[in-house]
Amino acid sequence: MVIGHYSDHWVLPTDQYILQIMRVLSGIQPSGQLHLGNYFGSIKPNVEMAAKADQSFYFVVDLHALTTLHDPKLLKTYREDAVLDILACGLDPLKTVLWYQSAVSEHTELLWILSTVSPMGLLERAVSYKEKVEKGVSATVGLFTYPVLMAADILLYQADVVPVGKDQKQHVEIARDIGGKFNHAFGKTFVLPEPQIRADVAVVPGTDGQKMSKSYGNIIPIFGEESAIKKAIMGIKTDSKGANDPKDPKACIIYQIHALFLNESEAKALAEEYRNGLAYGDAKKKLFATYMDVFTPMREKRAALKQDLAGVSEILADGAKRASKEAQKTMEKVRKAVGLR
Ligand code: ADP
Ligand code: TRP
């Protein structure tokens, strides 16, 4: 697909824009059990974007995870889970290059070189560092230079577009700034990436109505036991309206979650049922049925992948090989540019 490149948005081709090949890249944190918020907020848009792009790269950021996770067993489990999740949710590994960040050592080599052109002030302004430290994460050098490793991840593959959630926009802008500093100092070496913010993705509410998040204990899992999914859905908070009372769908968490699965006319029809007095218990049963309809094929696929870990390793090894090839091309340019070759 050829599309136009304009401001910080990607748009369909028109005569006004320069046409170019779109290379999309994104990374995912291996952070435990996938929930509905992650699915609609991150996995689904990334899988769709990867399918549309001319070239796509997707990796599990196990090196970044080390900034907050010092438990070798858990890290291994989480990163394998992340790969199984993303494959089960439809990422096509033939099309998209999929690998563990740590399998391509150029990420860390470029991290070092970029750190020598990264202004301290730029990193000191990074919001996520301050937020994490406030939440009690150790203020290590690695946590501080997290955005430089992310810049290396992006610049190494000469990515044009980096689709991320709003919380990561600043990191992509930092990557752009660092790439710009390098290009200025040593000549044009890197494509400067554009963040693509998923502005249209609403915050998925959790079972208590706050943002769904592992840290709030309000998640509905995707790949957990069916009984855990049912329990979470049946536990969604509601008000005290009687079974047959009319209900305002927009004010109801069950509806807000259910609507994520529906097209406009389906959502309208469901809203009408709420206004006509659908009982909360029945509304939850309907949501559970939809949930299982949508996720059962993915749950089955994940179970099959789990039975074929050798096959999954092959996908990752192939991905690392393909990623390495690209990374080495860029690193040769970088080494020459700075005088190491
Ligand atoms: P958690 O808050 O459960 O720890 P993460 O921070 O690991 O989730 O989320 C990974 C990505 O999933 C985020 O960058 C964001 O894009 C997306 N995401 C997480 N929770 C939600 C949510 N409730 N609504 C929309 N997107 C979400
Ligand atoms: N920091 C990102 C997150 O927490 C993950 C990430 C690391 C990433 N490197 C990346 C995302 C490169 C996009 C591109 O979600």
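The first residue of the sequence shown is numbered 1, and numbering continues consecutively from there. Atoms within each ligand, like the ligands themselves, are counted from 1 in listed order.
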- Side chain, backbone, both or neither: which part of Q101 comes within less than 4.0 Å of ligand 2 when only heavy atoms are counted? neither
- Message: I'd like to check atom 15 (C) of ligand 1 in this structure: does the protein have a heavy atom lying under 4.0 Å from it?
- Response: no
- Message: Give me the nearest non-hydrogen protein atom to atom 5 (P) of ligand 1 as residue plus atom name, then the distance to 0.1 Å.
- Response: N38 ND2, 3.9 Å
- Item | Element-labelled atoms of ligand 2 that are located less than 4.0 Å from some non-hydrogen atom of V162 | 13 (C), 14 (C)
- Query: Hey, is F59 touching ligand 2 through its side chain, its backbone, both or neither, going by heavy atoms under 4.0 Å?
  - Reply: side chain
- Message: Geometry only, no angles: is S26 polar-contacting ligand 2 at N/O separations under 3.5 Å?
- Response: no
- Message: For atom 27 (C) of ligand 1, what is the closest protein heavy atom, and at what distance to 0.1 Å?
- Response: G37 O, 3.2 Å
- So, K73 side chain and D71 main chain: donor-acceptor pair closer than 3.5 Å or not? no
- Message: Below 3.5 Å, N or O to N or O, backbone or side chain included: is there any such pair between S42 and ligand 1?
- Response: no
- Examine the proximity of ligand 2 to I28 and report which part, side chain or backbone, both or neither, has a heavy atom under 4.0 Å away. neither
- Can we say D160 and R23 salt-bridge, meaning some charged N sits less than 4.0 Å from an Asp/Glu carboxylate O? no
- Could you establish whether K211 and ligand 1 come within less than 4.0 Å of each other, counting only heavy atoms on the residue side? yes
- Query: How close does the nearest protein non-hydrogen atom get to atom 2 (O) of ligand 1, and which residue and atom is it?
  - Reply: S213 OG, 2.8 Å
- Query: Do any nitrogen or oxygen atoms of H171 come within less than 3.5 Å of a nitrogen or oxygen of ligand 2?
  - Reply: no
- Protein heavy-atom partner closest to atom 9 (N) of ligand 2 - residue, atom, separation in Å: D153 OD2, 2.7 Å
